[in-house]
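Written out below as structure tokens is the structure these notes cover.
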Protein chains: 2
Amino acid sequence: MARLVAERADVIPLLAEAFRAYGYEGASLSRLCEKTGLGKGSLYHFFPGGKEEMAGAVLGEISHWFERQVFQPLDNLPPVEGVAAMLAAVDAYFQSGRRICLVGAFALDDTRDRFAVAVNGYFTRWQQALSGALQRLGFADVEAERHARAALSMIQGALVLSRALGNEQPFRDTITALTAQLRLPGA
Amino acid sequence: MARLVAERADVIPLLAEAFRAYGYEGASLSRLCEKTGLGKGSLYHFFPGGKEEMAGAVLGEISHWFERQVFQPLDNLPPVEGVAAMLAAVDAYFQSGRRICLVGAFALDDTRDRFAVAVNGYFTRWQQALSGALQRLGFADVEAERHARAALSMIQGALVLSRALGNEQPFRDTITALTAQLRLPGA
DNA sequence: AACATTCTGTACTGATCGGTAAAATAGAAA
DNA sequence: TTTCTATTTTACCGATCAGTACAGAATGTT
């Protein structure tokens with residue numbers, strides 16, 4: 001396939017950072033050009049569907065990254081290691097709270113309607129994978145689901161709070177708390 | 001003073017719902033006019049500073065509401081009742097997860113830079129009030145602060161998750177969990 | 001070298017953006 | 001009723017929006 005001047009795959013992470021910084025509506029084409037270093041012509045060459053296709057591709061790549069780094073470890077590793085892998089991946093991905101969750105951000109305003117399937121799928125898949133690991137850890141089914149939902153809530157909330165306060169502590173505390181909470185039933 | 005055709009104070013809640021639905025950038029003047037039923041001229045008559053003043057007024061009213069309904073009960077009531085009042089007010093305000101937290105939403109993208117003081121102040125004030133109540137409940141200082149931060153995280157995260165899944169359950173579960181968690185130290 | 005493909009820069013579109021100005025109207029006060 | 005102020009309507013501004021068209025440049029292939 002050889003080397004192209006710019007690869008579509010190389011552009012997606014740059015687009016992701018632009019959407020993170022400005023939100024979907026706030027990420028204008030000119031800002032996307034600025035962040036990617038590409039002209040409008042190039043962007044539309046890679047993403048003929050425009051902004052919506054760009055954001056869709058970003059969501060797809062995020063989903064893919066979590067599938068490999070979080071969901072599959074939860075599915076396939078022994079549950080203690082799976083949970084540990086999840087927490088390590090989450091801490092690294094969100095840079096200890098300095099980086100936000102784009103899926104969560106999209107969920108809050110009417111951007112959600114545009115990407116409802118991707119947004120819902122991301123959280124549902126995560127919750128199922130974590131719930132499964134917790135069940136194998138010994139949690140009863142309902143308890144496992146509740147704990148999994150609570151863990152996702154705590155992570156999302158910690159990202160909001162860390163951003164709001166400009167302070168990594170809420171996120172770091174949450175990772176610590178989850179490390180303890182997700183060990184054994186009834187801890 | 002008598003009745004005006006439209007009162008500034010009446011407009012703010014309508015603006016709030018528009019910003020909630022579309023985000024700061026997504027809430028265009030035309031959408032704000034639509035949601036408030038006012039023309040551009042009227043909106044600029046009440047808010048000469050334009051969109052930024054409108055959003056600032058909305059944040060101010062939110063802050064005021066929480067001050068009376070949440071922060072002061074936490075400060076002044078016996079701690080058990082203060083915490084109960086907080087949880088009841090939160091559940092009512094966020095409509096069991098169907099309504100998002102505008103302050104949290106603003107915190108996620110670069111809108112935060114515009115309203116950094118209001119965003120930070122809202123969460124800091126809340127955390128301090130809750131932390132004080134928890135200390136009076138018997139939590140050690142550091143523990144009380146940690147629990148307060150965790151509670152705010154959980155609420156924010158539950159709002160994100162409930163919106164993302166289109167499902168009130170994450171929010172309801174979180175309120176239930178907090179009701180238990182914030183009773184006595186070491187529960 | 002010649003060619004085909006992929007990528008990029010520039011110029012353009014119509015629509016909408018946030019914001020302004022001022023005339024017209026409604027309401028309260030006298 | 002007159003007067004004064006508060007509110008609304010309408011028209012308008014330059015800037016930027018998302019998106020298109022296409023010629024030219026870079027690259028890979030033969």
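Order of the sequence lines fixes the chain letters, A, B, ..., with proteins taken first and strands second; residue numbering starts at 1 for each chain.
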Take atom [atom1] of [X] and atom [atom2] of [N], then tell me their distance rounded to the nearest Å.
X	N	atom1	atom2	answer
B/Phe46	C/dG19	CZ	C1'	18 Å
A/Asp10	C/dC7	CG	C1'	13 Å
A/His45	C/dT8	NE2	C1'	9 Å
B/Leu38	C/dA26	CG	C1'	15 Å
B/Glu53	C/dT20	CD	P	11 Å
B/Tyr22	C/dT16	OH	P	15 Å
A/Leu43	C/dT8	CG	P	9 Å
B/Glu7	D/dA6	CD	P	13 Å

Please collect all ring pair (Phe, Tyr, Trp, His ring centres under 6.0 Å) contacts where either partner lies in residues 75-102 of chain A, sequence neighbours excluded, each pair once.
A/Trp65-A/Tyr93, A/Phe66-A/Tyr93
For [Y], does its backbone N or O pair with a side-chain atom of [X] as donor and acceptor, under 3.5 Å?
X	Y	result
B/Arg99	B/Arg20	no
A/Arg98	A/Gln95	yes
A/Ser162	A/Phe171	yes
B/Ser96	B/Glu168	no

Going by salt bridge (Lys or Arg N to Asp or Glu O under 4.0 Å), name the pairs with one or both residues in residues 84-94 of chain B, residues two or more places apart or in two chains.
none
Only pairs at least two apart or in different chains count here, so list each salt bridge (Lys or Arg N to Asp or Glu O under 4.0 Å) that has a residue in residues 30-48 of chain A.
A/Arg31-B/Glu25
Using a heavy-atom distance cut-off of less than 4.0 Å, which residues of residues 25-36 of chain A contact DNA chain C?
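Heavy-atom contacts with DNA chain C come from no residue of residues 25-36 of chain A; none.
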For DNA chain C, which residues in residues 13-20 of chain B have a heavy atom at a distance below 4.0 Å?
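Nothing qualifies; none.
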Out of C/dG9, C/dG19, D/dT8, minimum distance to the side chain of A/Ser42 belongs to C/dG9
What does the inter-axis angle of the helix from C/dA1-D/dT30 to C/dA30-D/dT1 come out as, five pairs per end, nearest 10 degrees?
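For the helix from C/dA1-D/dT30 to C/dA30-D/dT1, the axes at opposite ends meet at about 20°.
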Under the salt bridge (charged side-chain N to carboxylate O under 4.0 Å, His left out) rule, collect the residues that match up with B/Glu145, sequence neighbours excluded.
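B/Glu145: no salt bridge (charged side-chain N to carboxylate O under 4.0 Å, His left out) contacts found.
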How would you list, by chain and number, every residue that makes a side-chain hydrogen bond (donor to acceptor under 3.5 Å, both in side chains) with [X], sequence neighbours excluded?
X	answer
B/Arg149	A/Asp173
A/Ser42	none
A/Arg112	none
A/Arg125	A/Glu67, A/Asp75

May I ask whether A/Val103 and A/Tyr22 are part of the same hydrophobic cluster, defined by side-chain heavy atoms of I, L, V, M, F, W, Y residues being less than 4.5 angstrom apart, directly or through others?
no
Protein-nucleotides 20-23 of chain D N/O pairs closer than 3.5 Å?
none

To the closest 0.5 Å, what do you measure between CG (B/Leu15) and CD (B/Glu53)?
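Interatomic distance, B/Leu15 CG to B/Glu53 CD, rounded to 0.5 Å: 10.5 Å.
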